[in-house]
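Here the structure is a predicted model, which means the values were calculated and not measured. By convention here, the first residue in the shown sequence is residue 1.
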Amino acid sequence: MPTPPSTPTLGLGCWPLSGPMYFGDLSIGYATTDPADAPRIIHAALDHGITIFDTAAAYGAGRGERIVGDALKGREATIITKIGLDIDEGTQRITGENTDPAAVSPAIDAALSRLGRDHIDTVLLHLNSLAPDIAAPIFDALEAEVTAGRIGGYGWSTDYPDNAASLSGRHGLTAIEHCMNVFFDAHLLREAAADQGLSHYIRSPLAMGLLAGRFDANSGVAPDDVRASDQSWMDYFDADGNVTPEFAGKLEAVRELLQTGGRTLAQGALGWLWAHGTQIVPVPGASKVAQVEDNAGALSFGPLPEAVMTEIATLIPRDLSPPRDR
């Protein structure tokens, strides 16, 4: 099994940099970033010591991988991408799930082409709630890609503990990606994967911007932004793109604690994650260079102190709700 890093590590989530994307007529991209700014944001991440970039074939319906590949051309970086969703680049649409193991090799061919690389560090299955028995042949195909040298390792982007447990003992398994933040500690999934020696890439580490202080009860997101899409897994914002009262209240309860020691709100939220172990690798998105710089500044602070973690735990009880396609 791979050895997780011994010091806090940070990546960049590239969904917000990928431009418009749709499922049917539903907009599921971020509306706050001009894709033309994406190279500057990616280069700023590199300049501040961030070398892990998390993308997917689905992001921008292929455009996300092209943006990441172009920006990282000739640069040393670790790239994570995801497969399992079919796309139509011409219409920028996700057209459905693909669980055929025979589709794995062509999907990696396409990702390599879009990224402009001959090797991908990590490929994740992008189907959060797929049943383990259906996923198993897909992972068999990914193991073959590791053996062939086209990918360095593979894993699953899933929030389901049973899915995480089903991966135990697999050759070439290196990572799992899941939602985790101050509001949702993913303890059941982490327990299910605790003996596997995996890197945990954390999506929504800043609760889609809420824990970065970008929004409050009086400000929201644009109507064509995924955060205003009224999907069942959208916890933090309502259908109008406004912060829900529940999460606005939770944030206010811990705001001061997260800013312990001179941290910004985002830096405290990242420090909360790192306090759970060095296998935790947050991959926050960013729509501006300043956000990358703020997030990278968390590396100099490291994990939140144990006493602060204990106090936060008393203010935000452990989330015992069942997992969803967050």
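A distance of 8.0 Å separates CG in Leu206 from CG in Leu273, rounded to the nearest 0.5 Å. For the atom pair CZ of Arg114 and CD1 of Ile67, the computed distance is 12.5 Å after rounding to the nearest 0.5 Å. Rounded to the nearest 0.5 Å, atoms CG (Asp118) and OG (Ser113) are 12.0 Å apart. Expressed to the nearest 0.5 Å, how far CZ of Arg75 lies from CZ of Phe53 amounts to 8.5 Å. Here the CH2-CG distance, from Trp156 to Leu167, works out to 6.0 Å after rounding to the nearest 0.5 Å. Annotation: the span from Leu142 atom CG to Ile108 atom CD1 amounts to 5.5 Å, rounded to 0.5 Å.
A donor-acceptor contact shorter than 3.5 Å links the side chain of Thr95 to the backbone of Asp86. Judged by distance alone, the side chain of Thr278 and the main-chain N or O of Trp274 form no donor-acceptor pair under 3.5 Å. At distances below 3.5 Å, not a single donor-acceptor pair connects side-chain atoms of Asp162 with backbone N or O atoms of Pro132. Using a distance-only test at 3.5 Å, with no hydrogens or angles considered, a donor-acceptor pair links the side chain of Arg93 to the main chain of Thr91. Distance alone, capped at 3.5 Å, is enough to place a donor-acceptor pair between the Gln196 side chain and the Ala164 backbone. Listed for the Thr78 side chain is no donor-acceptor partner under 3.5 Å among the backbone atoms of Ile52. A donor-acceptor distance shorter than 3.5 angstrom exists from the side chain of Gln267 to the backbone of Thr264, with no hydrogens or angles considered. A donor-acceptor pair is defined here as one N or O able to donate and one able to accept, closer than 3.5 Å; no such pair exists between the side chain of Ser204 and the backbone of Ala207. Looking at His43, its side chain does come within 3.5 Å of a backbone N or O of Ala71 through a donor-acceptor pair. Looking at Thr310, its side chain does come within 3.5 Å of a backbone N or O of Glu306 through a donor-acceptor pair.
Annotation for Leu257 and Leu304: closest pair O-CD2, 4.4 Å, computed over non-hydrogen atoms. The minimum heavy-atom distance linking Ala111 with Ile120 is given by the pair CB-CD1, 3.9 Å. Listed here is the closest heavy atom pair of Ile87 and Ala57: CD1-O, 3.5 Å. Between Thr122 and Ala175 the shortest heavy-atom distance is CG2-CB, 4.3 Å. Here the shortest heavy-atom pairing between Leu270 and Pro284 reads CD2-CG, 4.3 Å. The two atoms that bring Ala77 and Arg117 nearest to each other are O-NH1, 3.9 Å, heavy atoms only.
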Worksheet item: Could you walk me through whether Ile176 and Leu189 pass the side chain to side chain contact (heavy atoms under 4.5 Å, CB included) check?
Response: CA-CA 10 Å; Ile176 191 164; Leu189 183 139; 4.1 Å; yes

Worksheet item: Given the rule in the side chain to side chain contact (heavy atoms under 4.5 Å, CB included) test, do Arg63 and Glu89 qualify, once you have shown the distances and angles that lead to the verdict?
Response: CA-CA 7 Å; Arg63 188 177 184 187; Glu89 290 197 58; 5.8 Å; no

Item to complete: Please step through side chain to side chain contact (heavy atoms under 4.5 Å, CB included) for the pair Asn163 and Leu130, ending with a clear verdict.
Response: CA-CA 8 Å; Asn163 289 357; Leu130 193 65; 5.6 Å; no

Discussion item. I'd like to know whether Leu125 forms a side chain to side chain contact (heavy atoms under 4.5 Å, CB included) with Lys82, so could you lay out the CA-CA distance, the side-chain angles of the two residues, the decisive distance to 0.1 Å, and finally the verdict.
Written reply: CA-CA 6 Å; Leu125 179 61; Lys82 308 177 196 74; over 6 Å; no

Worksheet item: Can you list the steps and then say if Glu65 with Thr81 is a side-chain hydrogen bond (donor to acceptor under 3.5 Å, both in side chains)?
Response: CA-CA 8 Å; Glu65 287 180 327; Thr81 196; 2.5 Å; yes

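Annotation: side chain of Ile42 is in contact with side chain of Leu12 (closest heavy-atom distance under 4.5 Å). Looking at heavy atoms from C-beta onward, Trp15 lies out of side-chain contact with Val283 at the 4.5 angstrom threshold. You'll find the side chain of His200 stays beyond 4.5 Å of the side chain of Val281, heavy atoms only. Counting only heavy atoms from C-beta outward, the side chains of Leu251 and Leu265 approach each other to under 4.5 Å. For the pair Tyr154/Leu124, no side-chain contact is recorded, criterion being any heavy-atom separation below 4.5 Å from C-beta on. By the 4.5 Å heavy-atom criterion applied to side chains, His276 and Met180 are counted as neighbours. Put simply, the side chain of Asn181 does not reach to within 4.5 Å of the side chain of Ile202, judged on heavy atoms. In this structure the side chain of Ser27 never reaches within 4.5 angstrom of the side chain of Pro20, judged on heavy atoms.
Heavy-atom neighbours of Glu256 CD from other residues, nucleotides or ligands within 6.0 Å: at or below the threshold of 12. In the displayed structure, Asp133 atom CG is contacted under 6.0 Å by more than 12 heavy atoms of other residues, nucleotides or ligands.
Ring geometry, Tyr236 versus Phe183: the interplanar angle falls from 30° to 60°, so the pair is classed tilted.
Ion pairing of Asp54 with Arg203 is absent here, as no side-chain N (NZ or NE/NH1/NH2) approaches a carboxylate O to less than 4.0 Å. A salt bridge does not link Lys288 to Asp294: none of the charged nitrogens lies less than 4.0 Å from a carboxylate oxygen. A salt bridge links Glu143 with Arg170: the closest approach of a Lys/Arg side-chain nitrogen to an acidic carboxylate oxygen falls below 4.0 angstrom. A salt bridge is defined here as a Lys NZ or Arg NE, NH1 or NH2 lying under 4.0 Å from an Asp or Glu carboxylate O, and Asp37 with Arg40 meets this definition.
Arg150 and Ser105 share a donor-acceptor pair across their side chains, judged by distance under 3.5 Å alone.
No chain of hydrophobic side-chain contacts below 4.5 Å, direct or via other Ile, Leu, Val, Met, Phe, Trp or Tyr residues, connects Trp272 to Phe301. The cluster map of Ile, Leu, Val, Met, Phe, Trp and Tyr, joined by side-chain heavy atoms under 4.5 Å apart, puts Tyr22 and Ile28 in different clusters.
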